[in-house]
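Note sheet for the following structure.
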Amino acid sequence: MDSTKETSNTYKEDLLLRMGLNDNKAGMEGLDKEKINKIIMGATKGSRFYGNELKKEKQVNQRIENMMQQKARITSQQLREAQLQVDRFAMELEHCRDLSNTIVHVDMDAFYAAVEMRDNPELKDKPIAVGSMSMLSTSNYHARRFGVRAAMPGFIAKRLCPHLIIVPLNFDKYRVVSKQVGICLAPTSICSWVSCRIRSQLQMPRQDWPEERRRYFIKTGNSKTTSELTTYLTSIEYELSASPLLFEDSPPDLQPPGNPSQVNCKEQNKLQIPQKSVVFGTSAEEVVKEIRFRIEQKTTLTASAGIAPNTMLAKVCSDKNKPNGQYQILPSRQAVMEFIKDLPIRKISGIGKVTEKMLKALGIITCAELYQQRALLSLLFSETSWHYFLHISLGLGSTHLARDGERKSMSVERTFNEINKAEDQYSLCQELCSEIAQDLQKEGLKGRTVTVKLKNVNFEVKTRASTVSSVVSTEEEIFAIAKELLRTEIDVFGYLVFLVKQTKNTNKGASLASYRLGTKLCQPLGVQERRLIKISV
DNA sequence: TACATACAC
DNA sequence: GATGGTGTATGTA
C-alpha cells in the first residue's frame with residue numbers, strides 16, 4: 001500500500017489533473033483554479049473514491065512508463081522509415097480531402113439547467129445545477145464561475161458554491177424540449193442527433209427562395225400577439241418542412257437576430273401582423289442563424305453552433321462561441337489548418353483525460369505538435385489510434401452523417417447504498433433482470449450474452465459475462481444466467497454489485513444485435529469481512 | 001468470447 | 001452522508 005508520503009508527493013500533480021477541476025468547458029475560463037482545487041481535494045481526500053482514483057492513476061502512469069521505454073528503444077533508422085510510411089499515408093489522405101460538404105453542429109447551451117431556469121423564473125440569476133447531492137448533470141454559467149460543472153458530485157459543488165441551488169432531473173421535460181429542437185432542424189437538411197446535440201448537414205442551395213420564405217416575426221411579450229405569431233411561425237415551419245432547405249454562400253440579407261437595432265421593421269399588412277420581422281440570408285452562416293433563431297422562438301432557449309467541412313471540426317466550432325454563438329471554419333485547407341494549429345488536442349471529441357496525459361508525456365499538447373510527432377506515434381500506438389491521430393492533425397473528419405445504426409446492447413445499472421445479505425443482492429439482481437426484460441420487449445429484441453457488472457464499496461469494478469447458444473429475453477431466462485454469474489462472485493469474493501449483458505441476435509426483423517443488463521450494489525461493511533469469513537470456513 | 005479501459009453526454 | 005447511467009469502440013488474451 002502507498003505511504004502517505006508517496007500519496008501526497010509523487011502523485012500530487014497527477015491527482016490534481018485527475019480529480020481537480022476540469023475546466024475544458026465553455027464558461028470556465030479564467031477561474032481561480034488553485035483555490036477551487038484546494039476545496040475539491042479537501043472534500044475528496046481520504047475517501048474510498050479517492051483511493052480508487054489513486055489506484056487508477058498509477059495504472060495510467062505505468063502505461064506511460066511502458067510507452068516511454070518503448071520509445072527509448074526506437075532507433076533513428078526505424079523512425080526514418082516510419083516517417084516515410086506515415087507521410088505517404090498522409091499524402092493520400094490529403095489527396096482525398098473533401099471540403100465540399102457543410103456540416104453544422106448545434107449544441108444547446110447548458111441544456112438541462114436552461115430548461116429549469118426557463119420554467120422557474122426564481123432561478124434566474126442564481127447559480128444552479130441539475131442533478132443531486134451525489135451527482136450533477138450540468139450547471140448554468142453562473143455556477144460555472146464557482147467551478148461547479150457536470151459530472152461533479154453535488155456535495156462538493158456545494159462547498160465550492162454554498163448558495164448553489166440543485167434542481168432534480170426532469171428527463172420527461174428535456175425529452176419534450178429535445179423533440180422541439182429537432183423539429184426546428186427537420187426542414188433544414190439531413191440531420192442526425194443525439195439527445196440535445198444535433199449535427200446537421202446542409203445540402204442544397206436555396207438562393208432562389210423568395211424573401212418571404214426566409215422571413216420570421218419576432219415574438220413579443222404581448223400574449224395575444226405572441227399566440228398569433230406563434231401560429232404564423234408554425235405555418236412557416238410547416239411550409240419549410242414541405243420543401244428542402246437550400247442555401248449557398250452569399251451575403252446575408254440582414255444582421256443576426258437577437259439584436260433589436262438590427263431587426264427589420266417592415267410592415268406586414270398582408271399578414272396583418274405589424275410586428276418586427278427578420279429575414280435570413282442564404283449563406284450557411286445565415287441558415288445556421290435561422291436555425292438558432294427558430295430554436296429560441298420555439299423553446300426560449302439558446303443554442304450554439306459550429307459550421308465546418310467535417311463533423312470533427314464542426315463539433316469543436318460549436319464550443320468556440322458558446323453560449324448563444326456560432327463559429328464557422330470556411331471550406332479551405334488554409335482555414336482548416338489555421339484553426340487546428342494551436343488547438344489543444346483535448347478539445348477534440350475522443351481525446352479524453354488518459355489520452356491527453358499519454359500524449360502530453362510525448363510533449364504533445366496541440367494539434368500542430370500531434371502532426372510533428374506523427375512518425376513516433378505510428379510506432380507507439382495501434383494502427384487505429386495513429387490513423388485517428390493523423391486525421392485529427394490534418395483537420396480531417398467525417399464528411400457525412402451516419403444514420404443511426406441498430407443498437408448493440410442494452411443495460412440497466414444501479415448503485416445502491418448498503419446490501420448486507422446475499423439474498424438481497426439476488427433479489428435486486430432479479431429486479432434489474434425484470435427491467436431489462438421489459439426494455440427488451442419494448443423494442444422487440446433478444447440477446448445472447450448476459451454480463452454482470454459488480455462494484456464494491458471501494459469502487460473497484462469487475463464484469464462477468466456468459467454467452468448462451470440461443471437468444472434469451474425474459475426475466476426468468478436472464479436471471480437464471482445472471483444469478484449464476486453473481487453466485488460465483490459472491491461465493492469467492494463477497495462482492496456487492498453486479499451487472500448483466502447480452503449480445504448478438506440472429507433473428508431478422510425485430511431483432512437486436514446485443515443487450516446488456518447491469519446492476520451495481522454497494523455494501524459499506526461487507527467486503528473484507530465476508531472474505532475473511534470465507535477464508536476461515 | 002471474456003474482460004478491462006477509454007470516452008461521450 | 002454522499003462520486004451516475006447508458007452506450008460504443010478498442011486492445012488483449
Side-chain angles (χ1 to χ4, degrees), chain A residues 18-19 22 24-25 40 43-45 47-53 56 59-60 62-63 107-108 110-112 130-138 149-159 166 168-169 171 174 178 193-198 315 319 346-358 381-385 387-388 402 404-418 432 435-436 439 448-455 457-469 485 489 497 499 501-504 512-520 522 524:
Chain A
R18 174 174 278 271
M19 322 233 17
N22 173 357
N24 180 32
K25 189 151 183 79
I40 295 178
T44 195
K45 222 163 187 171
S47 65
R48 296 186 203 254
F49 180 81
Y50 178 82
N52 193 246
E53 290 299 300
K56 289 196 282 183
Q59 286 172 16
V60 172
Q62 187 58 57
R63 265 180 80 178
D107 194 331
M108 296 301 290
F111 187 47
Y112 297 172
V130 180
S132 68
M133 278 303 247
S134 301
M135 186 52 60
L136 301 180
S137 288
T138 190
R149 56 157 300 159
M152 177 181 276
F155 71 93
I156 290 182
K158 274 277 195 188
R159 293 210 196 175
I166 298 180
L169 286 154
F171 279 118
Y174 314 143
S178 198
W193 59 314
V194 190
S195 178
C196 58
R197 261 90 180 166
I198 296 158
K315 173 111 174 32
D319 195 57
R346 184 67 165 88
K347 292 278 181 191
I348 279 115
S349 176
I351 308 272
K353 217 173 359 194
V354 175
T355 312
E356 176 190 32
K357 191 173 178 186
M358 298 224 294
F381 288 83
S382 71
E383 191 177 72
T384 320
S385 295
H387 280 192
Y388 170 61
D404 289 344
E406 58 172 6
R407 78 147 75 225
K408 294 177 175 167
S409 71
M410 186 181 280
S411 71
V412 176
E413 150 180 4
R414 205 150 300 152
T415 300
F416 299 92
N417 270 338
E418 243 182 85
L432 295 182
E435 284 177 36
I436 277 282
D439 292 348
R448 283 185 53 230
T449 303
V450 174
T451 304
V452 175
K453 172 177 166 186
L454 307 141
K455 184 195 278 182
V457 285
N458 294 318
F459 294 91
E460 291 161 339
V461 172
K462 58 168 69 176
T463 61
R464 294 292 175 260
S466 170
T467 300
V468 292
S469 51
L485 291 166
E489 297 306 314
V497 183
L499 165 149
K501 165 178 177 170
Q502 186 170 4
T503 14
K504 269 184 194 169
L512 158 67
S514 74
Y515 83 91
R516 183 172 96 197
L517 192 172
T519 317
K520 293 191 202 170
C522 279

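Convention: sequence-line order gives letters A, B, ...; per-chain numbering from 1. Just so it is clear, the structure is predicted and the values come from calculations on it, not from any experiment.
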Report the nucleotide, chosen from [options], that has the shortest atom-to-atom distance to any side-chain atom of [X].
| X | options | value |
| --- | --- | --- |
| Ser382(A) | dG11(C), dT3(C), dG5(C) | dG11(C) |
| Lys462(A) | dA2(B), dA4(B), dG4(C) | dA4(B) |
| Thr355(A) | dA4(B), dA6(B), dG4(C) | dA6(B) |
| Met135(A) | dG4(C), dA2(C), dA2(B) | dG4(C) |
| Lys353(A) | dG11(C), dC7(B), dG5(C) | dC7(B) |
| Pro153(A) | dA2(B), dT3(C), dG4(C) | dT3(C) |

*asked:* Do the side chains of Glu53(A) and Lys56(A) get close enough for a salt bridge, i.e. N-O under 4.0 angstrom?
replied: yes
Just to confirm, is there a sub-4.0 Å distance from OP1 or OP2 of [N] to any side-chain nitrogen or oxygen of [X]?
| X | N | answer |
| --- | --- | --- |
| Ser409(A) | dT8(C) | yes |
| Ser411(A) | dG5(C) | no |
| Thr384(A) | dA9(C) | no |
| Ser134(A) | dT3(C) | no |
| Thr138(A) | dC9(B) | no |
| Lys315(A) | dC9(B) | yes |
| Arg407(A) | dT8(C) | no |
| Thr463(A) | dA4(B) | yes |
| Arg48(A) | dA2(C) | no |

Using a 4.0 Å heavy-atom cut-off across all strands, classify [X] as base, sugar-phosphate, or nothing.
| X | answer |
| --- | --- |
| Ile348(A) | sugar-phosphate |
| Ile156(A) | base |
| Gln59(A) | sugar-phosphate |
| Lys56(A) | nothing |
| Arg63(A) | sugar-phosphate |

For the pair made of [atom1] in [X] and [atom2] in [N], what is the distance, rounded to whole Å?
| X | N | atom1 | atom2 | result |
| --- | --- | --- | --- | --- |
| Met133(A) | dT3(C) | CE | P | 12 Å |
| Arg149(A) | dT3(C) | CZ | P | 19 Å |
| Asn52(A) | dA4(B) | CG | C1' | 13 Å |
| Met108(A) | dC9(B) | CE | C1' | 15 Å |

Taking atom types as they are modelled, would you say the side chain of Thr44(A) forms a donor-acceptor pair with the base of dT3(C) within the 3.5 Å cutoff?
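A donor-acceptor contact between them is present.
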With rounding to the nearest 0.5 Å, note down the distance linking [atom1] in [X] to [atom2] in [Y].
| X | Y | atom1 | atom2 | result |
| --- | --- | --- | --- | --- |
| Ile156(A) | Met135(A) | CD1 | CE | 8.5 Å |
| Glu356(A) | Ile351(A) | CD | CD1 | 9.0 Å |
| Ile348(A) | Lys315(A) | CD1 | NZ | 10.5 Å |
| Asn24(A) | Lys353(A) | CG | NZ | 11.5 Å |
| Met19(A) | Asn22(A) | CE | CG | 12.5 Å |

- Message: Suppose you measure atom C1' in dG4(C) against the same atom in dC7(B); what distance do you get, rounded to whole Å?
- Response: 15 Å
Please walk me through it: do Tyr174(A) and Leu169(A) pass side chain to side chain contact (heavy atoms under 4.5 Å, CB included)? CA-CA 9 Å; Tyr174(A) 314 143; Leu169(A) 286 154; 3.9 Å; yes
Sorted by position of nearest nucleotide on DNA chain C, 5' first, the leading residue of Met19(A) and Glu383(A) is Met19(A)
